[in-house]
Amino acid sequence: MRVAVVRELGEPLVVEERTLPVPSHGQVLVRLEASGLCHTDIHAAHGDWPVKPHPPFVPGHEGVGLITAVGSGVAADRIGRRVAVPWLHTACGHCEHCVSGWETLCLAQQNTGYSVDGCFGEYVLADADYVVAVPDGIDPRDAAPLTCAGVTTYKAIKVSGARTSDLVAVFGIGGLGHLAVQYARIAGARVVAVDVQEDKLELARELGAEFTVNATAEDPAAAIQALGGADAAIALAVAPKAFRDAYGGLRRGGTLVFVALPADNHVEIPIFETVLNGITIVGSIVGTRTDLREVFELHAAGRTTVIREQRPLSEVNDAIADVEAGRVPARVVFTP
Ligand SMILES: [Zn+2]
Ligand SMILES: [Zn+2]
């Protein structure tokens, strides 16, 4: 099978041939139909974060494909089913986080495309218990971005507590942001979208954002305060300044959700205003299998639109360069 491999952190990926792996106990082998490119894959390949992956490894955690083989302990009738292979490759299943619906916080988790080989290839090994069924009728190329960008923003809107008539500010309209706008609308909120590119703001308006702010033309915090302030702000842009602006746009009692993980890991938040204004700051990391099922249900019901651009896996390095330069409308999806 062909896979795209990070051999050295900070170096371009190399497409190479590997022997087809055999699923061991509890595993499935998935023949990939589509695989999304997430910012996390780029950070992984660069080794940007405090916890670094160990090369050589295959990135990719938005994989969708058909099960072609199962290991022992996995029902043979799962062969032929379409599944999503998400970031949460596996978790322990019995710690306090796992049993309370927070498996994404499990300390024993493994992560697809980071601690174990991921979906930038023709096949991937996955844990039979942690893949999520993709309902019939969903295009695999739509299902791929939903597997991380979708579930991550869906969960972020959930933890923001956004409700009908709330104003939700979405900072960064890309692969994640274009979906965050839609989930905020589904929650009944009004949306203000913030970005530095006019075409992204146009996309946000098409997807239901009532207000838009171009952060190169005006101060986002002031612009959002002029609308009455945001009840919730979702920080999806990989720049600490966007987090600070998102904080500044909150109304009293508002909630700021940290989602993006900039390589520059620091932001300054004032203590006094946070206390007096009763601000909540919460981190949100991907979503559970249940969240992903709900994301697929909404998409199957026609409630969401996935903006994507299809590329062959052989163009992986060009695609990464284009995402970094902001030349991609929303999500790149590789087809092997
Ligand atoms: Zn991701
Ligand atoms: Zn656990």
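All ligand and atom numbering here is 1-based and tracks the order in the structure.
Side-chain contact between Glu8 and Pro55 is absent, with no heavy-atom pair separated by less than 4.5 Å. With a 4.5 Å cut-off on side-chain heavy atoms, Met1 and Pro21 count as touching. Using a 4.5 Å heavy-atom cutoff, the side chains of Phe120 and Leu37 are in contact. Side-chain contact between His61 and Asp41 is present, with at least one heavy-atom pair separated by less than 4.5 Å.
Distances under 2.8 Å from the Zn ion (ligand 2) pick out the protein N/O/S atoms Cys92 SG, Cys95 SG, Cys98 SG, Cys106 SG. Ordered by chain and number, Cys38 SG, His61 NE2, Cys148 SG make up the set of protein N, O or S atoms under 2.8 Å of the Zn ion (ligand 1).
To the nearest 0.5 Å, the span separating CZ on Arg185 from CD on Gln182 amounts to 10.0 Å.
A salt bridge (Lys or Arg N to Asp or Glu O under 4.0 Å) check over residues 44-53, counting only residues at least two apart or in different chains, returns nothing.
Taking the six-membered ring where tryptophan is involved, the planes of Tyr114 and Trp87 are perpendicular, since the angle between them exceeds 60° and thus also 30°.
Annotation: side chain to side chain donor-acceptor pair (under 3.5 Å) contacts of Asp127 (sequence neighbours excluded): Thr90.
Between Val85 and the choices Thr147, Leu125, Val124, the side chain to side chain contact (heavy atoms under 4.5 Å, CB included) rule is met once, by Val124.
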